[in-house]
Asker: 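I'd like to ask you about the structure that follows.
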Amino acid sequence: MASVIKDSYDVVIAGAGPAGSSLAIRLAHSGLDVFLVEQKRFPREKLCGEFISPECLIHFEELGVSPEISASGGTSLNKTVFYSRSGKGLSVKSEWFGNAGSHALGLSRATMDDLLVERAKRAGVTVLEETTVSALLIDKEKVVGVTLKDKGGSTRDISAKLTADATGRTRSLARRLESAGDPKAPAKHVAFKTHLLGAQIPSGACEIYVYRGGYGGCNRVENDLYNLCFIASAEETK
């Protein structure tokens, strides 16, 4: 059943990725009325290394989503092996970044983000997908809400005491308040991601590869898939 969209909330958050959903859950737990708006429809793929470090598992416990994360079919990763350009490797235990015996987790962003959004809904957050923030509402030099635009082109104003930009590297809301900077400046690096079957990665390991102009990594996630993600200099990819 779809949530009824009101005209006013305590907090409006743009972007339902890990940051936006986590913030929404924590604020809802504090008793605030939260509205979370997302441009895409979940679940959706996302460019990401899909490696969740041990300290994030504590974060999942605090959000109340650990049972769903544990049952999602992700891969327990107990070490990360870093390979230099010469091919030499250095192994680092996952527990070095958490408590003794802790592990990292290989899990797709499509699954993780969807679980967090569903947890936000259960926490009482109003979630609206396939909708963008097309403008900020300004009153006396203060942001007091947003203008929403759905995929059909219809717009609607939502007022809020606090507006949070959780749109990631695009900073789509924050840039609207900045007079300097060129959002269309050429990228210095480009990133790629794909899921593979049958990658020759040792059980429980994440591999990181360093090369001229960037680095990449590969580890197993759920459904017998391996996530390969890497970044390279834009000049090197021409």
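Keep in mind it's a predicted model, so treat the numbers as computed, not measured. What's counted below: heavy atoms across the whole structure, side chains too, no hydrogens, waters or symmetry copies.
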Asker: Do side-chain atoms of R119 reach the backbone of I25 as a donor and acceptor pair under 3.5 angstrom?
Answerer: no
Asker: Which heavy atom of A191 sits nearest to which heavy atom of L47, and what is that distance?
Answerer: CB-CD2, 3.4 Å
Asker: Hey, quick one: are F60 and V117 part of the same hydrophobic cluster, counting side-chain heavy atoms closer than 4.5 Å, chains of contacts allowed?
Answerer: no
Asker: Within the supplied structure, the quantity of interest is the number of heavy atoms (other residues, nucleotides, ligands) at a distance under 6.0 Å from K193 NZ; does it exceed 12?
Answerer: yes
Asker: Identify the two heavy atoms, one from A205 and one from I201, that lie closest to each other, and give their separation to 0.1 Å.
Answerer: O-CG2, 3.4 Å
Asker: Nearest 0.5 Å, what's the NZ-OG distance between K93 and S102?
Answerer: 11.5 Å
Asker: With hydrophobic residues grouped by side-chain heavy-atom distances under 4.5 Å, do Y209 and V81 end up in a single group?
Answerer: yes
Asker: For H195 and S108, which heavy atoms make the closest approach, and how far apart are they?
Answerer: CE1-CB, 4.3 Å
Asker: In sequence, state the C-alpha distance, the side-chain angles, and the governing distance for L107 and V221, and then conclude on side chain to side chain contact (heavy atoms under 4.5 Å, CB included).
Answerer: CA-CA 5 Å; L107 186 66; V221 289; 5.5 Å; no
Asker: Taking atom CZ as the centre, does F192 end up with more than 12 heavy-atom neighbours from other residues, nucleotides or ligands that are less than 6.0 angstrom away?
Answerer: yes
Asker: Hey, does I231 have a side-chain heavy atom less than 4.5 Å from the side chain of Y215?
Answerer: yes
Asker: Looking at every non-hydrogen atom in both residues, tell me the closest pair between Y211 and R85 and how far apart they are.
Answerer: CA-CG, 3.6 Å
Asker: Keeping S94 on the side-chain end and H103 on the backbone end, is there a donor-acceptor pair under 3.5 Å?
Answerer: no
Asker: Which value, rounded to the nearest 0.5 Å, describes the distance between S76 atom OG and R220 atom CZ?
Answerer: 11.5 Å
Asker: Can you find a pair of side-chain heavy atoms, one from R156 and one from T131, that are under 4.5 Å apart?
Answerer: no
Asker: State whether the side chain of S21 and the backbone N or O of A16 hold a donor-acceptor pair below 3.5 Å, judged by distance alone.
Answerer: yes
Asker: Assess the residue pair T126 and K6 against the criterion (side chain to side chain contact (heavy atoms under 4.5 Å, CB included)); give the C-alpha distance rounded to whole Å, side-chain angles, the decisive distance to 0.1 Å, and a yes or no.
Answerer: CA-CA 9 Å; T126 300; K6 300 183 297 184; 5.7 Å; no
Asker: Does T80 reach the main-chain N or O of V92 with its side chain, forming a donor-acceptor pair under 3.5 Å?
Answerer: no
Asker: Do V210 and F82 make a side-chain contact, defined as non-hydrogen atoms from C-beta onward lying under 4.5 Å apart?
Answerer: no
Asker: When rounded to the nearest 0.5 angstrom, what is the spacing between CD in E95 and CG in N78?
Answerer: 9.0 Å
Asker: Taking the side chain as every heavy atom from C-beta outward, state whether L115 and S72 have any pair of such atoms under 4.5 Å apart.
Answerer: yes
Asker: Would the distance check show the side chain of N227 and the main-chain N or O of N219 forming a donor-acceptor pair, the cut-off being under 3.5 Å?
Answerer: no
Asker: Compare all side-chain heavy atoms of P18 with those of R109 and state whether any distance is below 4.5 angstrom.
Answerer: yes
Asker: Flag the pair L225 / L197 as yes when at least one side-chain heavy-atom distance between them is below 4.5 Å, and no otherwise.
Answerer: yes
Asker: Report whether V12 and I138 are members of the same hydrophobic cluster (ILVMFWY, side-chain heavy atoms less than 4.5 Å apart, transitive linking).
Answerer: yes
Asker: Taking all non-hydrogen atoms of both residues, which atom of L137 and which atom of I158 are closest, and how far apart?
Answerer: CD1-O, 3.8 Å
Asker: Can you confirm whether K40 is buried at NZ, in the sense that more than 12 heavy atoms of other residues, nucleotides or ligands lie under 6.0 Å from that atom?
Answerer: no
Asker: Any chance you could lay out the side chain to side chain contact (heavy atoms under 4.5 Å, CB included) test for F35 and L148, step after step, and finish with the verdict?
Answerer: CA-CA 12 Å; F35 179 75; L148 304 180; 3.7 Å; yes
Asker: Could you tell me which non-hydrogen atom of A164 sits nearest to which non-hydrogen atom of L23, and how far apart they are?
Answerer: CB-CD2, 3.9 Å
Asker: Going by atom types only, do S233 and E235 share a side-chain donor-acceptor pair under 3.5 Å?
Answerer: no
Asker: Let me confirm one number: the CZ-CD distance from R41 to E129, rounded to the nearest 0.5 Å.
Answerer: 5.0 Å
Asker: In Å, rounded to the nearest 0.5 Å, how long is the span from CD of E141 to CG of L177?
Answerer: 11.0 Å
Asker: Under a 3.5 Å distance rule, please check whether S70 uses its side chain to pair with a backbone N or O of S66 as donor and acceptor.
Answerer: yes
Asker: If hydrophobic clusters are built from ILVMFWY residues whose side chains come within less than 4.5 Å, do V11 and V144 share one?
Answerer: no
Asker: Below 4.0 angstrom, N of the basic side chain to O of the carboxylate: do R44 and D113 qualify?
Answerer: yes
Asker: Does the side chain of R26 come within less than 4.5 Å of L63's, by heavy atoms?
Answerer: yes
Asker: Name the residue from L105, L116, T111 that meets the side chain to side chain contact (heavy atoms under 4.5 Å, CB included) definition with I69.
Answerer: L105
Asker: For the pair R176 (side chain) and S134 (backbone), establish whether a donor and an acceptor sit closer than 3.5 Å, ignoring hydrogens and angles.
Answerer: yes
Asker: Given the rule that I, L, V, M, F, W and Y join up when any side-chain heavy atoms are under 4.5 Å apart, are Y83 and L77 in one cluster?
Answerer: no
Asker: Tell me whether D165 contacts the main-chain N or O of A174 through its side chain, where contact means a donor paired with an acceptor under 3.5 Å.
Answerer: yes
Asker: Do L173 and L136 come within less than 4.5 Å of each other through their side chains, counting heavy atoms only?
Answerer: yes
Asker: Drop me the distance from L27's CG to Y9's OH, to the nearest 0.5 angstrom.
Answerer: 14.5 Å
Asker: Could you check whether any side-chain N or O of T167 sits under 3.5 Å from a backbone N or O of S172, counting only pairs where one atom can act as donor and the other as acceptor?
Answerer: yes
Asker: Any donor and acceptor pair, going by atom type alone, linking the side chain of Q200 with main-chain N or O of G198 inside 3.5 Å?
Answerer: yes
Asker: Looking only at side-chain N and O atoms, does S8 offer a donor or acceptor that is under 3.5 Å from a partner on S159?
Answerer: yes
